[in-house]
Every structure is written in C-alpha cells, then in structure tokens.
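Okay, structure first, notes after.
Below, chains carry the letters A, B, ... as their sequence lines are ordered, and counting in each starts from 1. These figures come from a predicted structure and were not determined experimentally.
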Amino acid sequence: MKSIMQIKQILAEAAIGSEITVKGWVRTKRDSKNVVFININDGSVIHNIQAVAEAGVINEDTLKLITTGSCVAVTGTLIASQGSGQKVELQISSVQVYGTADPDRYPLQPKKHSLEFLREIAHLRPRTNTFSAILRIRHALAFAIHKYFNDNGFFYLHTPIITGSDAEGAGEMFRVSTLDAKNPPLNEDGTVNYKEDFFGKETNLTVSGQLEGELGAMALSKIYTFGPTFRAENSNTARHLAEFWMIEPEVAFYELEDNMALAEGFTKYVINYALENCADDLAFLENRLKDEEKSKKAEERSELDLIQKLRFVVDNEYVKLTYTEAIQILLSSKRHKEGKFQYPVQWGIDLQSEHERYLVEKHFKKPVILTNYPKDIKAFYMKLDDDGKTVRAMDVLFPGIGEIIGGSQREDDYSKLLKRSREVGIHEETIWWYLETRQFGTAPHSGFGIGFERLVMFVTGMGNIRDVIPFPRTPKSAEF
RNA sequence: UCCUCCUUAGCUCAGCCGGUUAGAGCACAUGACUGUUAAUCAUGGGGUCCCUGGUUCGAGCCCAGGAGGGGGAGCCA
C-alpha cells in the first residue's frame, strides 16, 4: 500500500526505495529533452521535494498542466539524488493534477516579490517561502505559550470578546450593534436608545481581557488569556493592528518583582522554543534578512544576525531599572546634551520612541524592563508606590520592536482604587464588579499584556506587523 | 490624525530640459538543450504611464484635487 506522507516526514525519515505519494503545490518545473524536474512544497516544512521523471513517463498533455502554483499528487520511488542540491528525490511513476494555475493569471512567480505586493495577495502569500516560514513560527510560538503556562500551573481563561464595559481605557473601541445604522431607535433627547439593542446596552469588542483576567486570578491564582483584541485607534504604523492577539497572564500573590521575573522567563522560554523547533525556518528568514541588509547603508545594518540576536536575548539577563533612573541616563547622555532628542527629557514625561530606542539599542543593547513610572502617565488600576508619585508599572522594551510588554502590580486597596478611578473619570457603576474584588478577599496580584504579533515580529525579524498575521486589519483595510 | 516619499508591462524598476512609435531585467509563450536547482541560450507577445480636471502647439514628465501604498511621528501591545 502506498503511504501519503508530508514532505517534512519524507525528508526526515523515509527510506530509500520506498514507494511514496506526495501531495502539494508546484514551485518550479524545469525540463529538458530527456528529463523533467518538479519541485513540490506542501507547507509542512520550508524545503521542497524534487520529483524527477524521464521523458515519456508523464504524458505531454499532463506535463503542460504542471506549472508554478498548480496542485499535484505525485507517486514514485524515493531514490538518492544524482544532483547536488538535495539528498533524496522522488522518481515519478505517476502524476495526478488536482488543480491547474494558469501562468498568465497566477501572480506568484518563481522570483522575489516585494512584501507590499504580497500584502495585496494575502490569499496566496502563505504559499511563499517567507510567509509559510512565518506562519509555522507563529504556530510554534502560540503552542509554546500554552505549553509554558500549562507547565507552570496557569489556567487558560477565556475572557469575553464582546464586552459591556467601556472602562479599560486602553483605546478606542469598535461598537457591536444590531441596530439599523440608518434608522436607529432614539431617546427623547435624540440620542440612540441602546436599550433596544441586542444586549440592551452599548457593547464593544474587547480592547483587553485584563479586568476579567483579574477576576479569574482571584479564584484560580494563576491564569492567562490568549485571544483576539480590537483597537479602533487610527494608528498607521508598522507596529499596530486594529485586530491583534494578546496574551495576558494575571497572578495572585505576585508583586512587581515576581511579575518581572515571569515576563523575562516567559519570553525567554518561547523564544528558545522557536530556536529549538523552527531552526530551518529561522535560517531561511535570517538569509532573507541578510539579502535585504545588503541594500542598506553600513551604519543601518544590524550588528547581529537573526539567530544570534535571539540567542542573545535568551542567554542574557534583561536590564531592570526604574523610570527615574532611565530619565537620569537620558539626561546625562551625550545625545541629550547636544540637543539631539526631538522631544525634551524631563521627569514626568511619557518616554517617546526615540528615548526608548536610545536606552535599548544604544545604551544597554539588550532587553530592558522599566519600572515605577509616574502615576499620571499610567492606568488607574496600577498600584501606587509608597511615595505617592509613581506606580508599580513595568514595560519590557525589545530592540527594534519597542514596547513588547506592558504590565503592573495592580492596586489591591479598595479605597485607593476607587479614588484613582474617580480621578480619571471612570464611573464606579460601570466597574462595580471589578471594584468588588477589592472588597471580597482582595490580594496582591500582578500581570501583564504581551502583543503576540510583536513577539512574532521579533522572532522572525520582520519589520512590518502586517506581515506576521495572515490577514491584517488596519485602518481603511479589511480585505480578505 | 500629522509629516514625508511613492504610484509607468504580471513583478521590480529606468524614462534626460515638456517633443517622433514609452524601455530594461525577471516572469510568461514558442523553440533548442543528456540531471536541472529561481537551469541556460534564442525568438516572441505583452502598456487605461493610479483617477479627475487644468496649463501647453504638444504632458508619463508641469499645476490642482482625489484614491491607494511605503517610511517616520503620536497612541499603544
């Protein structure tokens, strides 16, 4: 009996001489008078398998249908390759064409395409080496995240996607409604009457599962969320999506220091997992980046190759310092003294990208965890420090990506939390359920959020977040 | 949302000071080739110069408006 095997399996374990059927998509076909070569990829691994046929084995009509992008099933015998590019190849005995791909219309050619062009054909780009590698790494990272938390006693908590709370303050929200947009029911004062809406109130897509995550942590002690998150911000950058995936651990009895250790251990684990399980894909992306760097000026080239860079993060301790210490470093920097920062540096400012980049990429040259920010530039739920000026916040900054994690120890004192929420204008009737956790068995606890796509960007070395998610959603763009 | 750059063949791009019939490489088609590696060689087909309006004897090129995209900033993850 012929076995259907994935190319990954064949290359790893199939015995010479075995009869095999490969099913996949044709990358290239090369033929000469006596022999034809077909390179097939099935997405299981970055490598293709080369199938070979002597002239006459495949009839001419079938051969014509085998073009770049077509889908085929090839049956044959695995033999040692005479060529130098591969160890084994499939000696074809029969070919079935599942689906043709008209070369005049199929947009993927056996050549390099720009990432911008591939974004316009997002329905086909997973068939390229670059995107299949990214998608495999994305999968591996997602799996590693669940594995890390599971192995460390965390429970996966599903927080709501549609939320009735509008108090997270994490950004603009997408409204969820079944009301007739052209003719909504109105109140007497002319405003929309959401009592008539599906849920009987205004609802939105979630911008964060954190508040609900805290509810879980107050029962299960260690939880994490991993789900889609939506922000209706008009952000047009290579680092923002309107729909992205976020991981948010929340842990009872953790203080800020424990939270920092969790963030460091977690990121190192998942990056190391990719290094150990995605070596071929990472090597491919590293070479791709090297090619790209050749067209850059020498001073803009990165000092480390992709894999070296990932190793470096895994092998070195993150720098930990307070916001106040960071401001001091910036103030005493040559760049500040020469007036080269575009934005002024002063205690109390929210650090700008240029400041974060200076700290991470120039000063320390490794991941940095900044803590204890001024309370006025951070969220209402962060625990106030004893000095009354700063909060127990932490941001993890990665080279090239910037902020990859934002987190904090949460305010567990009911009266302080209530006071702070009033100060920032959040009505207690909208978050009464959140406030109650501080009235019923409150506990010190901490957590953070990490943008999944930003992590995938860092691991793959991709420069645009639209290229690490299969179907990016950004302002003015929701194709596919 | 702001600043900035870009839009010419399927793709990546060139196109001089505004002047005849808009070019190249790759891709594609056809042919050649005794095992190729994004094969090679030869030949060939292929254009709404993003859209609208304007200036001009004449616009791919200049001007105005619009659309789409890239990079940077803000906001953040």
Exercise. Give one of base, sugar-phosphate or nothing for A:Glu120, where a contact means two heavy atoms less than 4.0 Å apart.
Key: nothing
Self-check item: Check ion pair A:Lys365-A:Glu361 (N to O, under 4.0 angstrom)
Solution: no
Quiz item: When the distance from CZ of A:Arg288 to P of B:A38 is rounded to whole Å, what number comes out?
Solution: 17 Å
Quiz item: Using atom P of each nucleotide, how far apart are B:C50 and B:A14 to the nearest Å?
Solution: 13 Å
Quiz item: Base, backbone or nothing for each nucleotide of nucleotides 24-34 of chain B, written B, S, -, heavy atoms under 4.0 angstrom, 5' to 3'?
Solution: -BBSSS---BB
Quiz item: Within the structure shown, what part of the strands sits under 4.0 Å from A:Phe448 by heavy-atom distance: base, sugar-phosphate, or nothing?
Solution: nothing
Quiz item: Is A:Gln352 near enough to B:G74 that one of its side-chain N or O atoms lies under 4.0 angstrom from OP1 or OP2?
Solution: yes
Self-check item: Distance-only donor-acceptor test, A:Ser235 side-chain atoms vs B:C76 base atoms, 3.5 Å
Solution: no
Quiz item: If you measure from the C1' atom in B:G19 to the same atom in B:A59, how many Å do you get, rounded?
Solution: 10 Å
Quiz item: Looking at A:Asn48, does any N or O in its side chain come under 4.0 Å of the phosphate oxygens OP1/OP2 on B:A38?
Solution: no
Practice problem: Using the C1' atoms only, state how far B:U30 lies from B:G45, rounded to an integer number of Å. | Solution: 10 Å
Quiz item: Quick one: is B:G74 close enough that its OP1 or OP2 comes under 4.0 Å of any side-chain N or O from A:Ser353?
Solution: yes
Quiz item: C1' atom, B:C3 versus B:A9: distance in rounded Å?
Solution: 33 Å
Quiz item: Expressed in angstrom and rounded to an integer, what is the separation of A:Glu233 atom CD from B:C76 atom P?
Solution: 8 Å
Exercise. Looking at every strand, decide which applies to A:Asp395 at a 4.0 Å heavy-atom threshold: base, sugar-phosphate, or nothing.
Key: nothing
Self-check item: A:Phe380 and A:Tyr434 aromatic ring geometry - parallel, tilted or perpendicular at 30°/60° bounds
Solution: perpendicular
Quiz item: How far apart are the closest heavy atoms of A:Ala326 and A:Leu370, and which atoms are they?
Solution: CB-CD2, 3.5 Å
Practice problem: Can you label the angle between the A:Phe226 ring and the A:Trp245 ring as parallel, tilted or perpendicular, going by 30° and 60°? | Solution: perpendicular
Self-check item: Bracket notation of RNA chain B in which parentheses pair within the strand, [ ] cross earlier pairs, and | pairs with another strand (Watson-Crick or G-U, under 3.5 Å)
Solution: (((((((..((((.....[...)))).(((((.......))))).....(((((..]....))))))))))))....
Show the atom names and distances, to 0.1 Å, of all donor-acceptor pairs under 3.5 Å that link a side chain in residues 105-118 of chain A to residues at least two apart or in another chain.
{"residue": "A:His113", "atom": "NE2", "partner": "A:Gln109", "partner atom": "N", "Å": "2.9"}
{"residue": "A:His113", "atom": "NE2", "partner": "A:Gln109", "partner atom": "O", "Å": "3.4"}
{"residue": "A:Ser114", "atom": "OG", "partner": "A:Phe117", "partner atom": "N", "Å": "3.1"}

Practice problem: Quickly work out the A:Phe117 CZ to B:G69 P distance and round it to whole Å. | Solution: 15 Å
Self-check item: Separation of the C1' atoms in B:G69 and B:A27, to the nearest angstrom
Solution: 23 Å
Quiz item: If you measure from the C1' atom in B:A22 to the same atom in B:G65, how many Å do you get, rounded?
Solution: 27 Å
Quiz item: Which nucleotide in the set B:U1, B:C76, B:U12 lies at the smallest distance from any side-chain heavy atom of A:His240?
Solution: B:C76
Quiz prompt | Donor-acceptor pair (no angle test) under 3.5 Å: A:His113 side chain, B:C11 base | solution = no
Exercise. Give A:Glu116 one of three labels, base, sugar-phosphate or nothing, depending on what nucleic acid heavy atoms sit under 4.0 Å from its own.
Key: sugar-phosphate
Practice problem: Look at the rings of A:Tyr148 and A:Phe154 and say which category their plane angle falls in: under 30° parallel, 30 to 60° tilted, over 60° perpendicular. | Solution: tilted
Quiz item: Parallel under 30°, tilted from 30 to 60°, perpendicular over 60°: which one fits the rings of A:Phe480 and A:Phe471?
Solution: tilted
Quiz item: What do you reckon, is CD of A:Glu338 surrounded by more than 12 foreign heavy atoms closer than 6.0 Å?
Solution: yes
Quiz prompt | Distance in angstrom units between A:Lys378 NZ and B:C75 C1', rounded | solution = 12 Å
Quiz item: Closer to the 5' end of RNA chain B via nearest nucleotide, is it A:Gln91 or A:Thr28?
Solution: A:Gln91
Quiz item: Hey, are A:Arg335 and A:Glu354 close enough for a salt bridge, meaning a charged N less than 4.0 Å from a carboxylate O?
Solution: no
Quiz item: Expressed as a whole number of Å, how far does the P atom of B:A29 sit from that of B:G23?
Solution: 24 Å
Quiz item: Heavy atoms under 4.0 Å, any strand shown: does A:Thr229 hit a base, just sugar-phosphate, or nothing?
Solution: nothing
Quiz item: Can you tell which of B:U36, B:G68, B:G35 lies closest to the side chain of A:Gln86?
Solution: B:U36
Practice problem: Check the distance between B:G10's C1' and A:Leu124's CG and give it to me in whole angstrom. | Solution: 13 Å
Quiz item: Under 4.0 angstrom, heavy atoms only, what part of the nucleic acid is A:Phe37 near: base, sugar-phosphate, or nothing?
Solution: base
Practice problem: Whole angstrom is fine here: how far is it from CD in A:Glu89 over to P in B:G35? | Solution: 14 Å
Quiz item: OH of A:Tyr318 to NZ of A:Lys268: how many Å apart, nearest 0.5 Å?
Solution: 6.0 Å
Quiz item: So, A:Asp385 and A:Arg392, do they make that salt bridge, N to O below 4.0 Å?
Solution: yes
Quiz item: What distance, rounded to whole Å, do you find between the two P atoms, one in B:C61 and one in B:G18?
Solution: 11 Å
Quiz item: Are any of A:Arg466's side-chain N or O atoms less than 4.0 Å away from OP1 or OP2 of B:G70?
Solution: yes
Quiz prompt | salt bridge (Lys or Arg N to Asp or Glu O under 4.0 Å) evaluation trace for A:Glu250 with A:Arg410 | solution = CA-CA 10 Å; A:Glu250 193 70 40; A:Arg410 319 305 189 187; 2.9 Å; yes
Quiz item: Separation of A:Tyr343 atom OH from B:A73 atom P, in whole Å?
Solution: 9 Å
Self-check item: Sugar-phosphate, base or nothing in reach of A:Asn39, heavy atoms under 4.0 Å
Solution: nothing
Exercise. Select base, sugar-phosphate, or nothing to describe what A:Leu241 touches, counting heavy atoms under 4.0 Å on all strands.
Key: base
Quiz item: For A:Arg27, which contact category applies under a 4.0 Å heavy-atom criterion: base, sugar-phosphate, or nothing?
Solution: nothing
Self-check item: RNA chain B: 5'-proximal contact among A:Ser84 and A:Gly406 (nearest heavy atom)
Solution: A:Ser84
Exercise. Hey, can you tell me if A:His158 and A:Tyr156 have their rings parallel, tilted or perpendicular (30° and 60° cut-offs)?
Key: tilted
Quiz item: To the nearest Å, how far apart are A:Asn234 CG and B:C75 C1'?
Solution: 10 Å
